[in-house]
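Here's the structure, in structure tokens; my notes come after.
All heavy atoms count here, side chains included; hydrogens, waters and symmetry mates do not. Per chain, numbering begins at 1; letters A, B, ... match sequence-line order.
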Amino acid sequence: MNVQSMSLYKRRYRRNQLAMLLANLATLLGLAALVWILATLFIKGFGGLHLNVFTQNTPPPGDDGGLLNAIFGSLVQTVVATLIGTPIGILAGTYMAEYGRNTKLATVVRFINDVLLSAPSIVVGLFVYEMMVQPMGHFSAWAGCAALAILVLPVVVRTTEDMLLLVPDSLREAASALGAPRWLVIRKVCYRAARAGLITGTLLAVARISGETAPLLFTSLNNQFWSTDMNAPMANLPVVIFQFATSPYEDWQRLAWVGALLITLAVLALNVVARSLSGAKTQDR
Amino acid sequence: MNTAVNAIGSQAGAILNRNRFWDAILRSLTRACAIIVLLMLGGVIVALVEGSLPALKAYGPGFLTTQTWNPVTERFGAAAPIYGTLVTAFIAMLIGVPISIGIAVFITELCPRPLRRPISTAIELLAGIPSIIYGIWGLFVLAPLLQRTLQPALIGAFQDVPWLSELFAGPPYGIGILTAALILSIMVLPFITSITRDVFETVPSMLKESAYGLGCTTWEVVRHIVLPYTRAGVIGGVMLGLGRALGETMAVTFVIGNAHRISHSLLAPGTTISASIANEFTEAVGDLYTSSLIALGLILFVITFIVLAGARLLLLRMQRAEGRR
């Protein structure tokens with residue numbers, strides 16, 4: 001090999017080494033960010049985690065207290081929003097995968113749904129404020145539920161359609177050949193085959209909304225006290241975290257970290273469960 | 001005999017009719033739900049336009065270019081939040097895109113097979129962390145750290161450089177545009193990475209192996225085979241990330257400083273559209289104030305809609321090209 005080609009070879013080799021080093025570094029950076037955030041949460045949040053958090057309501061500054069009303073409010077609003085959003089989402093996804101697979105309507109809905117999937121959630125908050133809070137004249141837990149339900153919808157539509165499309169058409173044809181009508185095929189064959197996927201979609205949707213703050217800021221607002229009235233403002237963890245973290249009081253900030261830890265653990269647990277469900281499914285095939 | 005056949009016939013007819021009935025019900029029910037998704041988008045647009053009419057009528061197109069934001073005199077202009085939104089998202093992309101592509105290259109080309117799934121999952125978990133967590137982390141951990149280390153270093157390093165000294169001027173507040181952009185760059189990582197990785201995996205191994213066979217290095221394969229092949233998909237993923245960065249609310253609200261002014265320095269506090277709405281909406285008194293904030297929301301929605309729709313179109317085109325092959 002002559003000198004010139006040798007130096008060319010070396011240059012290419014070095015460039016490759018550099019690029020690969022950068023790729024490695026990028027991955028390390030990404031993983032480091034995850035570890036750093038989680039570690040901070042544990043260090044700052046774990047110390048404040050004791051029974052009071054689950055048995056007492058949010059305190060005024062300088063007092064002892066917990067997050068009971070906020071945890072309760074978050075649970076109620078998440079559950080109600082999921083109960084509203086999921087059925088509509090599953091039915092819409094069913095239309096797109098079964099009845100109207102190649103229709104124009106399905107194509108348009110798919111596109112719009114994908115855009116809604118990553119649309120800014122604060123805009124949804126504004127929408128619900130205009131539609132519910134303003135006409136009713138007051139903030140309410142119902143408005144918060146509506147905002148969250150709107151966020152659940154696109155996630156569920158998307159996963160339902162994807163999962164139903166994974167069900168092989170030969171299954172549908174076999175059922176039809178046995179004389180089963182379309183609605184029975186969908187109910188007894190398609191839904192059953194796609195069950196794990198549908199559950200995954202719902203869990204992911206719950207994970208998405210349980211940490212959402214922006215749409216709740218001006219729909220369900222916040223409540224310092226214990227409240228079960230869906231027509232009144234209701235406390236919820238994300239907004240309490242926001243309020244407490246940006247306050248100058250140290251005990252409030254401590255509670256904010258505890259709340260942050262609780263939410264993150266819940267959301268990550270949901271994510272991991274959802275992933276393992278869908279993972280088991282894809283490995284079967 | 002004849003009556004028996006008739007009886008069976010009418011029974012079958014009844015069953016057939018019942019099935020037809022249920023089919024019609026399910027079909028129209030699912031169709032109605034699909035239409036609800038469309039109505040939702042229409043509703044959002046109508047509600048935002050209606051809510052922002054008073055402000056748009058009062059200020060006209062000047063609303064977009066006015067920098068003043070004064071609740072006392074009721075003079076509102078959207079220039080500062082729009083500027084903040086675009087600048088933070090742009091810097092976030094500048095940092096986030098190369099890192100995301102690097103991670104995607106690592107996962108598809110370099111990573112040992114057993115580690116592939118865990119590392120992909122870990123990066124995707126970044127997307128699972130709620131944005132408020134990024135916010136509280138940014139406010140209490142990242143901002144003080146930047147205030148002590150990176151920001152003084154930047155100010156010092158570019159002190160005598162003519163143009164850059166403007167960009168990195170002023171006291172290191174910790175919070176500000178740069179901090180918000182850094183947090184956004186972490187938040188968009190998982191979105192860009194997962195799409196980039198997915199489209200990288202669609203490159204036929206035949207193509208890559210031919211290039212390797214000709215003696216290409218891994219970098220040359222990525223640069224000249226993988227990236228050109230997946231260009232539309234990668235751009236789609238980047239735009240999807242951009243859409244996220246533009247609309248992100250809570251993480252930014254914590255660290256941006258909520259100052260309605262356009263300053264040349266990236267270290268200065270600023271505001272974004274979503275942060276302004278989050279900070280001020282419940283405190284807004286007077287129709288014009290509320291309406292101006294809703295108008296901001298409308299602007300944000302239009303910007304993100306264009307970006308996200310563009311991203312989806314690119315990804316769709318990529319998928320179609322995939323299907324033809």
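For B:R223, the CZ atom sits in a loose shell: 12 or fewer heavy atoms of surrounding residues, nucleotides or ligands are nearer than 6.0 Å. Heavy atoms of other residues, nucleotides or ligands lying less than 6.0 angstrom from CZ of A:F111 number more than 12. Applying the 6.0 Å contact sphere to CZ of A:R15 captures no more than 12 heavy atoms from other residues, nucleotides or ligands.
In this structure, the portion of B:T121 lying under 4.5 Å from any heavy atom of chain A is its side chain and not its backbone. Both the backbone and the side chain of A:N24 come within less than 4.5 Å of a heavy atom of chain B. For B:L139, the part sitting under 4.5 Å from any heavy atom of chain A is the side chain, from C-beta outward, and nothing else. Contacts of B:L240 with chain A are made by side-chain atoms alone, with heavy-atom separations under 4.5 Å and no backbone atom involved. With a 4.5 angstrom heavy-atom cutoff, B:T249 touches chain A only via side-chain atoms. The contact between B:I36 and chain A is made entirely by side chain atoms (from C-beta outward), counting heavy-atom distances below 4.5 Å. Residue A:L105 touches chain B through its side chain alone, counting heavy-atom pairs closer than 4.5 Å. For chain B, no part of A:A180 is nearby; none of its heavy atoms comes within less than 4.5 Å. For B:T193, no part sits under 4.5 Å from any heavy atom of chain A, backbone or side chain. Contacts of A:L28 with chain B are absent, with no heavy-atom separation under 4.5 Å from either backbone or side chain. The parts of B:V37 that come within reach of chain A are both its backbone and its side chain, each placing non-hydrogen atoms under 4.5 angstrom from that chain. Both the backbone and the side chain of A:V109 come within less than 4.5 Å of a heavy atom in chain B. Residue B:I25: no heavy atom, backbone or side chain, is found under 4.5 Å from chain A. Proximity to chain A is absent for every atom of B:F191, based on heavy atoms less than 4.5 angstrom apart. Both the backbone and the side chain of A:I37 come within contact range of chain B, judged by heavy atoms closer than 4.5 Å. Residue A:L18 does not touch chain B at all, counting heavy-atom pairs closer than 4.5 Å. For B:T304, the part lying under 4.5 angstrom from a heavy atom of chain A is the side chain only. For a residue to count as touching a neighbouring chain, one of its non-hydrogen atoms must lie under 4.5 Å from one of that chain's; by this rule A:V157 touches chain B with the side chain only. Only the side chain of B:I186 comes within less than 4.5 Å of a heavy atom in chain A; its backbone stays farther off. Heavy atoms of A:A119 lying under 4.5 Å from chain B belong to its backbone as well as its side chain.
Between chain B and the residues A:M131, A:Q253, A:E98, the largest count of heavy-atom pairs under 4.5 Å involves A:Q253. Of the listed residues B:L41, B:I107, B:V105, B:T290, the one with more heavy-atom pairs under 4.5 angstrom with chain A than any other is B:L41. With chain B as partner, the option from A:D114, A:L22, A:V35 having the largest number of non-hydrogen pairs under 4.5 angstrom is A:D114. Comparing B:L48, B:L110, B:I123, B:L189 by heavy-atom pairs within less than 4.5 Å of chain A, the highest count is held by B:L110.
Once rounded to the nearest 0.5 Å, the distance linking OG1 of B:T217 with CZ of A:R14 reads 13.5 Å. Here CD1 of B:I133 is found 5.5 Å from CG of A:L41. Values are rounded to the nearest 0.5 Å. If you take CG on B:L29 and CG on A:L91, they are separated by 5.0 Å, rounding to the nearest 0.5 Å.
In this pair, B:F254 and A:F242 present their aromatic rings perpendicular. The plane angle is above 60°, beyond the 30 to 60° band. Using bins of under 30°, 30° to 60° and over 60° for the plane-to-plane angle, the ring pair B:F281/A:F218 lands in the tilted bin. Using bins of under 30°, 30° to 60° and over 60° for the plane-to-plane angle, the ring pair B:F140/A:W257 lands in the tilted bin.
Between B:M250 and A:L217, the closest side-chain pair of non-hydrogen atoms falls below 4.5 Å. When side chains are defined from C-beta on, B:W22 does not count as touching A:L184, because their heavy atoms never get closer than 4.5 Å. Inter-residue side-chain proximity for A:W36 and B:L142 is flagged as met; some heavy-atom pair is nearer than 4.5 Å. At a threshold of 4.5 Å between non-hydrogen side-chain atoms, the residues A:N16 and B:E220 do not count as touching. When side chains are defined from C-beta on, A:M96 does not count as touching B:C33, because their heavy atoms never get closer than 4.5 Å.
Here the side chain of B:N19 pairs no donor or acceptor atom with the backbone of A:P181 at under 3.5 angstrom.
With hydrogens and angles left out, the side-chain atoms of B:R27 and A:Y99 include no donor and acceptor closer than 3.5 Å.
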